[in-house]
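Notes follow once the structure below has been shown.
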Amino acid sequence: MTYLWIALGGALGSVARYACSSAAAHAFGETFPWGTLIVNVAGSFVIGAFATLTGPDGRWLMAPDARLFVTIGICGGYTTFSSFSLQTLNLIRAGEFTAAFGNIAGSLVLCLAGVWLGYVTGALINQAKGG
């Protein structure tokens, strides 16, 4: 049953990734992989907050399958490291070294910031009174 929950989450995450990436491409163009960067930062934030809120010291007690549904399923299907890698390689192959470096640096820094902000948000919610 665990595999089914992860598969369902992965399907939902993949559809959300496609929708977000398509919206970003429509809004900002396809020259730079903004959609992939946005998806990876948002996914990093969500997994950081969710893991903190549902961890051993978290505010929300959650069944292991439910945690896997969100973290491995939805977030794993939503984030796009393989797409990031391919797009970066394509930028390098096209001689777009500045854009490739920007994609690498932006993804690394912003995704780490996203997961940290998610963690901090989750920790603050965990500490809040009530709820």
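Note: hydrogens, waters and symmetry copies are ignored here, and every other heavy atom, side chains too, is used. All residue numbers in this chain count up from 1 along the given sequence.
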Practice problem: Grab the two heavy atoms, one from T79 and one from S44, that are nearest each other, plus how far apart they are. | Solution: CG2-N, 4.5 Å
Quiz item: Just how far is it from atom CZ of R93 to atom OG1 of T88, taken to the nearest 0.5 Å?
Solution: 13.0 Å
Quiz item: If we only count heavy atoms from C-beta on, is the I104 to F84 side-chain gap below 4.5 Å?
Solution: yes
Quiz item: Can you name the closest pair of heavy atoms from A51 and R67 and give their distance?
Solution: O-NH1, 3.9 Å
Practice problem: Determine the minimum heavy-atom distance between A42 and Y78, stating which atoms define it. | Solution: CB-OH, 3.9 Å
Quiz item: Between CH2 of W116 and SG of C111, what distance do you get to the nearest 0.5 Å?
Solution: 15.5 Å
Self-check item: Heavy-atom closest pair, residues E30 and A25
Solution: CG-CB, 3.7 Å
Quiz item: How many angstroms lie between CG in L68 and CD1 in I74, if you round to the nearest 0.5 Å?
Solution: 11.5 Å
Exercise. Group every Ile, Leu, Val, Met, Phe, Trp and Tyr by side-chain heavy-atom contacts under 4.5 Å, then state whether L117 and L112 land in the same group.
Key: no
Self-check item: Heavy-atom side-chain proximity of V115 to F45 below 4.5 angstrom
Solution: no
Quiz item: To the nearest 0.5 Å, what is the distance between OG1 (T52) and CD1 (I125)?
Solution: 9.5 Å
All N/O donor-acceptor pairs, side-chain side in residues 5-22, below 3.5 Å, sequence neighbours left out:
from	atom 1	to	atom 2	distance (Å)
S14	OG	G10	O	2.9
R17	NH1	G77	O	2.6
S21	OG	R17	O	3.1
S22	OG	Y18	O	2.8

Quiz item: With hydrophobic residues grouped by side-chain heavy-atom distances under 4.5 Å, do L86 and I38 end up in a single group?
Solution: no
Practice problem: Measure the shortest side-chain to side-chain distance between F50 and M62 over non-hydrogen atoms and say whether it is less than 4.5 angstrom. | Solution: yes
Quiz item: Is there a side-chain contact between L110 and L37 (heavy atoms, below 4.5 Å)?
Solution: yes
Self-check item: Among N90, N103, L91, side chain to side chain contact (heavy atoms under 4.5 Å, CB included) partner for E96
Solution: L91
Quiz item: Considering all heavy atoms of both residues, which atom of G122 and which atom of L53 are nearest to each other, and what is their separation?
Solution: O-CD2, 3.2 Å
Exercise. Say whether N40 and T80, considering side chains only, have a donor N or O and an acceptor N or O under 3.5 Å apart.
Key: yes
Quiz item: Should V41 and F28 be regarded as members of a common hydrophobic cluster, given that ILVMFWY residues are connected when their side-chain heavy atoms come within less than 4.5 Å of each other, either directly or indirectly?
Solution: yes
Practice problem: Assess whether atom OH of Y119 is packed by more than 12 heavy atoms of other residues, nucleotides or ligands within 6.0 Å. | Solution: no
Exercise. Looking only at non-hydrogen atoms, find the nearest pair between A24 and G35 and report the distance.
Key: CB-CA, 3.5 Å
